[in-house]
Amino acid sequence: MRIIDHFIAGGTAGLDQARRSAIYDPNTGAVQAEVVLGGAAALERAVAAAEAAQPAWAATNPQRRARVLFRFKELVEAHMTELAHLLSSEHGKVIADSRGDIQRGLEVVEFACGIPHAQKGEYTDGAGPGIDVYSMRQPVGIGAGITPFNFPAMIPLWMGAVAVATGNAFICKPSERDPSVPLRLAELFLEAGLPAGIFQVVHGDKEMVDAILDHPAIGAVSFVGSSDIANYVYQRGAAAGKRVQAMGGAKNHGIVLPDADLDQVVNDLLGAAFGSAGERCMALPVVVPVGDETAERLKAKLIPAIEALKVGISTDPEAHYGPVVTAQAKAKIEAWIARAAEEGAELVIDGRGFALQGYEQGFFVGPTLIDHVTDTMDSYHNEIFGPVLQIVRAKTFDEAVALPSKHQYGNGVALFTRNGHAAREFARRVNVGMVGINVPIPVPVAYHSFGGWKRSAFGDTNQHGMEGVKFWTKVKTITQRWPDGSVDGGNAFVIPTMG
Ligand code: NAD
């Protein structure tokens, strides 16, 4: 059995490997490898390597740091096919989605290549007599990133690219379900010229996460995953005095106004609800048509389009989506479908019990459409995280805006309309962090920042863009004067407020 080890100080760790977790091939259901589950001992090694390497890396001028990121970007591009296949083999998403996952991560690397500009401080000349004030952004020191299974390339790079660009050492704790891509990224960083100890990978479960949260040398923790764990990470990390940003779950709504182009909406929904088997925090698993007439027209178009979706293995170029990540994920999704039916919703297309010929043990779930879902149902309030689209009918625009606004999650939302005024009102009023207007998956580009509201994010700094630079740096402000007796006021010190 292949064993996946930590990547510490530029190589494999070779520590105690007694605790391990299975890595499946979601297409076949077979175990393909095991990842070691580490704890305090492995983390201690990684922290020691980070402490040894970080001061020199922070002292490296930002242009040289950026050059390493440029080389890394080129290496990832050169290895794109290999990485995409590796990603699909553990996650189950189709190759095109894996390429997208890597590409979105690379866009953050491109942003981070501009770090000489992005990390510049501010300067005020003459804040008082002979007094200048300037600020600099210094790295936090050692940061950690705890990442989910669903974007094993993009999310480690959201965090890691900005963390290392700003002069930190970064320790990634990837999902124990698909840890191989972050590991390859660590190797490619080393090949690109990043010093050993600056981008490391430690594997594990709660034990490793707790070791990270309690370690006094780690100054910042970035987390992405489900909300209860995000909240736990936020509370425990903050209590230990760390800077913490913790992104959680989602249940994004797509509001469809009567004037929307329904063919475009259906096309967008197929990708947004079923792409990557719905295992995206920016998927659109809830559609809210406004008015029964809109709902009926939309449903009539959705049914044949969903029935035509092709579910296949992750390397099938014709497949719209592949298996979900584990047997547990499949069972959980199917349980939510059953719950929706028990709650009185209408199962229009039921994807339970789906088996792909020749891959009967794979973790496949058929596309599912559920109508007449209401805001009193558990299956509406909770994240299903599978290829399931729920229709919640609203009578009015106001009712439609209220649904995502009152929902416990507030990650993304989309509005489909041709009416500019309605769109503007919607964007201003809706209580959600990322809004798409005729854009089904409004993931902000890398130089803006990513972050939801309510139980979709704990802490107050978003991922990547300038928010990321802020998270991974501390501001130091210097007030200076060089008295020589010749300037106004001579050697007498006058504080700026009195100047
Ligand atoms: P998860 O919460 O199960 O795991 C995330 C990380 O937490 C993993 O590294 C895991 O090892 C660790 N972990 C798991 N159990 C833990 C525990 N008890 N204590 C401490 N750490 C623990 O999430 P997942 O299933 O890997 O990912 C899917 C979830 O992530 C979904 O809820 C999805 O919406 C969310 N997500 C959110 C965003 C966002 O930006 N808001 C992006 C992607 C995914």
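Counting starts at 1 for both ligands and their atoms, in listed order.
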Using the test ring-ring contact (aromatic ring centres under 6.0 Å, His included), find all partners of F151 that sit at least two apart in sequence or belong to another chain. none
Qualifying side chain to side chain donor-acceptor pair (under 3.5 Å) pairs with a residue from residues 430-449, counting only residues at least two apart or across chains: S449-N462
When you look at S379 and E343, which way does the side-chain hydrogen bond (donor to acceptor under 3.5 Å, both in side chains) test go after all the steps? CA-CA 8 Å; S379 63; E343 292 179 311; 2.8 Å; yes
Would you please write out the protein residues whose heavy atoms approach any atom of ligand 1 to under 4.0 angstrom, listed by chain and number? I146, T147, P148, F149, N150, I155, W158, K173, P174, S175, E176, R177, G204, K206, V209, F223, V224, G225, S226, I229, M247, G248, G249, A250, C281, E383, F385, N411, F450, S456
For H91 versus E279, what's the shortest heavy-atom pair and its separation? CE1-OE1, 3.5 Å
Using side-chain hydrogen bond (donor to acceptor under 3.5 Å, both in side chains) as the criterion, list what pairs up with R99, not counting sequence neighbours. T81
Any idea how F450 and W158 line up, ring-wise: parallel (<30°), tilted (30 to 60°), or perpendicular (>60°)? tilted
